[in-house]
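Worksheet for the structure shown next.
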Number of protein chains: 2
Amino acid sequence: MQKKSAIPDQEPQCSVDFAFQRIGGKYKGRIIFHLDLGITRYGALRRSIVGVTPKMLTQALRELEADGLITRHVFAEVPPRVEYALSEAGAELIPFIRLLRDWGEKQMEKQGKPSLSKLGLLPHILEEAHEETV
Amino acid sequence: MQKKSAIPDQEPQCSVDFAFQRIGGKYKGRIIFHLDLGITRYGALRRSIVGVTPKMLTQALRELEADGLITRHVFAEVPPRVEYALSEAGAELIPFIRLLRDWGEKQMEKQGKPSLSKLGLLPHILEEAHEETV
DNA sequence: CAATAATAGTTTCTTTTGGGTAGCTAGCTT
DNA sequence: AAGCTAGCTACCCAAAAGAAACTATTATTG
């Protein structure tokens, strides 16, 4: 089976289009965001990204990999360990993702939605990121 | 008929998710980008955003409006004139869209795709943006 | 007078794709 | 024998997107 990227056979019509073809979809933004937070293992991502199913997570990760935004490192261990990391191109999206997150937080507050990062939820997530193999 | 936003009945899981729920989809990024370029009329957008159908353009515009990212101004003229503009919240996305565009251009060049903005295509588009009613 | 053109859409129908569910797997550890 | 990790597969549905035809209003042209 060949590696399949998210990209339809359609040529991007401009650079914005090009970018959205790669980071569009329901989970890719959040995946990049979490990788940046230091959450790198498949299982950790699965637990952090609320609502994602194994199928969709794997699919999104494969596409990001095929598009050169992340790398995948398999450790020959048991039980298996796979770590994902942002590639150089992927890392360059970080400022962008941060802007987006800031914008989102601001808008959520304006709409009276409590911003999650103010509720002590992030610390719990970050804990996981820094857990040693227990 | 009630205004319907793009947003499914699903609560956003984080601010990044929140943002993607609003600017996801095939055309919204490009619409915001073009509005920023000064292309504000329905017909001009339709011609600039390659591949968009009237249905999809209208739908995306309506959703952006319902989500408070753009405004819609109807002029009581014949033939009809409707102009769209970024709202305050929408305008705050501009830095982000620019980052995305820059990233896209850089990646496209690395992949050997000629960057459109280097081919004299943008000038043609911008012309349209500054045309007075002839 | 009738046809045409222009703008900003709408409507209906069809296709495509993305996403969801559920259950299965391999290999080693405890 | 059970459990852990990191998946895979087949099937299904809903949402997104695409195609094509149609609309209202008025000025202009023949």
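This one's a predicted model, so the numbers in the text were calculated from it and none came from an experiment. By convention in this document, chain letters (A, B, ...) are assigned in the order of the sequence lines, proteins followed by strands, and residues within each chain are numbered from 1.
For the OP1/OP2 pair of D:dG7 and a distance below 4.0 Å, the side-chain nitrogens and oxygens of A:Arg72 include at least one atom meeting the criterion. For A:Arg62 and D:dC8, the shortest distance from a side-chain N or O to OP1 or OP2 is below 4.0 Å.
We find that A:Asp17 and B:Lys26 are not joined by a salt bridge, their nearest charged nitrogen and carboxylate oxygen being 4.0 Å or further apart. A salt bridge does not link B:Glu63 to B:Arg22: none of the charged side-chain nitrogens sits closer than 4.0 Å to a carboxylate oxygen. Contact check on A:Arg72 versus A:Glu83 returns no salt bridge, with no Lys/Arg side-chain nitrogen under 4.0 Å from an Asp/Glu carboxylate oxygen.
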Could you run down the sub-3.5 Å N/O contacts of the protein with nucleotides 20-26 of chain C?
residue: C:dG20; atom: OP1; partner: A:Lys26; partner atom: NZ; Å: 2.8
residue: C:dG20; atom: OP2; partner: A:Tyr27; partner atom: OH; Å: 2.9
residue: C:dG20; atom: N7; partner: A:Lys55; partner atom: NZ; Å: 2.9
residue: C:dG20; atom: O6; partner: A:Lys55; partner atom: NZ; Å: 2.2

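Of the candidates C:dG9, D:dT25, C:dG27, the closest approach to any side-chain atom of A:Pro79 belongs to C:dG27. If you check D:dG7, C:dT7, C:dC28 against the side chain of B:Arg41, the one that comes closest is C:dT7.
For the pair A:Val78 and B:Arg46, nearest-nucleotide mapping onto DNA chain C gives the more 5' position to B:Arg46.
Taking the six-membered ring where the residue is Trp, A:Phe96 and B:Phe96 present parallel rings, their angle staying beneath 30° rather than reaching 60°.
Using a 4.0 Å heavy-atom cutoff across all strands shown, B:Phe75 reaches no nucleic acid atom at all.
Residues B:Ile32 and B:Leu86 are in side-chain contact: their nearest non-hydrogen atoms beyond the backbone lie under 4.5 Å apart.
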